[in-house]
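Everything below concerns the one structure shown next.
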Amino acid sequence: MASAKYAKRIQKEIEQNKIAHENFEVHPLRDNDKEWHFTLRGVKETPFEGGLFHGKVILPENYPISAPDIYLLTPNGRYTLNTKICLNATSYHQESWSPQWTIRGLLTGFAAFFVTNGEGEISAMNSSDDQKKEFAKESVNWRCEHCGDLKDIAESAWST
């Protein structure tokens, strides 16, 4: 019974994310609906402007009852690579998670936190603005082994 509920929820989230959010696009891997990849656009007028930052959301077995985890895969100057990111809506703070949250909602919150100063946070980095700008510049040439070139992802998601 739980797997039917899970399948229905995942299908609903896939439909919800067919159109990219203004700040990110997200989709499950073809062969693993517990791993979703996202590409986050660098926000204008921040050190991340012009960048494309790729990461993954890992869903627990009992999603949406339990909170997922977020990881960044591209160098970014804000978070340590391929390390669980501590946010209120991740498994670090299971008590703050609600099954009403969605992957899209989680990433909307993450996009807002991405541009803040993370000093003292778990998995945060303390990079200079110049370093972040350099990471942003280099990020557009990054390629995910599952999703392809970030330039192509961005063009497909936000070309209008």
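Atoms considered below: every heavy atom in the structure, side chains included; atoms not considered: hydrogens, waters and symmetry mates.
Nearest approach of Trp158 to Glu22, heavy atoms of both residues: NE1-O, 3.8 Å. The nearest pair of heavy atoms linking Ser139 to Gly51 is OG-CA, 3.3 Å. In plain terms, the two heavy atoms of Asn76 and Lys132 that are nearest each other are O-CG, 3.9 Å. Minimum interatomic distance between Met125 and Gly77 (heavy atoms only, all atoms of both residues): CB-O, 3.7 Å. Ser66 and Pro60 get closest at one heavy-atom pair: O-CG, 3.4 Å. Nearest heavy atom pair, residue Pro68 against residue Ala89, reads CD-O, 4.1 Å.
Between Phe114 and Phe53, the ring planes lie tilted relative to each other; the angle falls in the 30° to 60° range. By the 30° and 60° cut-offs, the orientation of the rings of Tyr63 relative to Tyr6 is perpendicular.
Rounding to the nearest 0.5 Å gives a distance of 13.5 Å between OG1 of Thr83 and CD1 of Ile70. Atoms CD and CG, on Gln131 and Asp129 in that order, are 9.5 Å from each other to the nearest 0.5 Å. Rounding to the nearest 0.5 Å places OG of Ser127 at 12.0 Å from CD of Glu134. Rounding to the nearest 0.5 Å gives a distance of 12.0 Å between CD of Gln94 and CG of Asn88. With rounding to the nearest 0.5 Å, the separation of NZ in Lys34 from CG in Leu29 is 13.0 Å. Once rounded to the nearest 0.5 Å, the distance linking NE2 of His146 with CG of Asn32 reads 8.5 Å.
Evaluation of the side-chain hydrogen bond (donor to acceptor under 3.5 Å, both in side chains) test over residues 95-116, restricted to residues two or more places apart or in two chains, returns Asn17-Arg104, Arg78-Thr116, His93-Glu95.
Tyr71 and Phe24 are not part of a single hydrophobic cluster, where members link through side-chain heavy atoms under 4.5 Å apart. A continuous path of Ile, Leu, Val, Met, Phe, Trp and Tyr side chains, each step under 4.5 Å between heavy atoms, connects Ile103 with Ile14, placing both in one hydrophobic cluster. Linking Ile, Leu, Val, Met, Phe, Trp and Tyr residues whenever their side-chain heavy atoms come within less than 4.5 Å places Leu106 and Ile10 in a single cluster. Using a 4.5 Å cut-off between side-chain heavy atoms of Ile, Leu, Val, Met, Phe, Trp and Tyr, with links allowed through other members, Leu59 and Leu87 fall into the same hydrophobic cluster. When hydrophobic clusters are built by joining Ile, Leu, Val, Met, Phe, Trp and Tyr residues whose side-chain heavy atoms come closer than 4.5 Å, directly or via intermediates, Leu72 is not grouped with Ile58.
At a threshold of 4.0 Å, the pair Glu15-Lys12 does not count as salt-bridged, since none of the basic side-chain nitrogens sits closer than that to a carboxylate oxygen. Ion pairing between a basic and an acidic side chain is recognised when a charged N comes within 4.0 Å of a carboxylate O; Arg9 and Glu13 show such pairing.
Put simply, the side chain of Phe48 reaches to within 4.5 Å of the side chain of Val115, judged on heavy atoms. Side-chain contact between Thr74 and Leu150: present, with at least one pair of heavy atoms (C-beta onward) separated by less than 4.5 Å.
Aromatic ring centres of His54 and Trp142: separated by under 6.0 Å. Between Tyr79 and Phe110, the ring centre distance stays below 6.0 Å.
Using modelled atom types and a 3.5 Å distance limit, the side chains of Lys151 and Asn141 yield a donor-acceptor pair.
Partner of Phe38 under the side chain to side chain contact (heavy atoms under 4.5 Å, CB included) criterion, out of Leu107, Ile153, Asn23: Leu107 alone.
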Exercise for the section: Decide side-chain hydrogen bond (donor to acceptor under 3.5 Å, both in side chains) for Asp69 and Ser91; before the verdict, give the C-alpha distance in whole Å, the side-chain angles of both, and the deciding distance to 0.1 Å. Expected result: CA-CA 6 Å; Asp69 288 305; Ser91 69; 2.4 Å; yes

Exercise for the section: Give the C-alpha distance, both sets of side-chain angles, the deciding distance and a yes or no for side chain to side chain contact (heavy atoms under 4.5 Å, CB included) between Lys133 and Ser128. Expected result: CA-CA 9 Å; Lys133 288 176 184 177; Ser128 70; over 6 Å; no

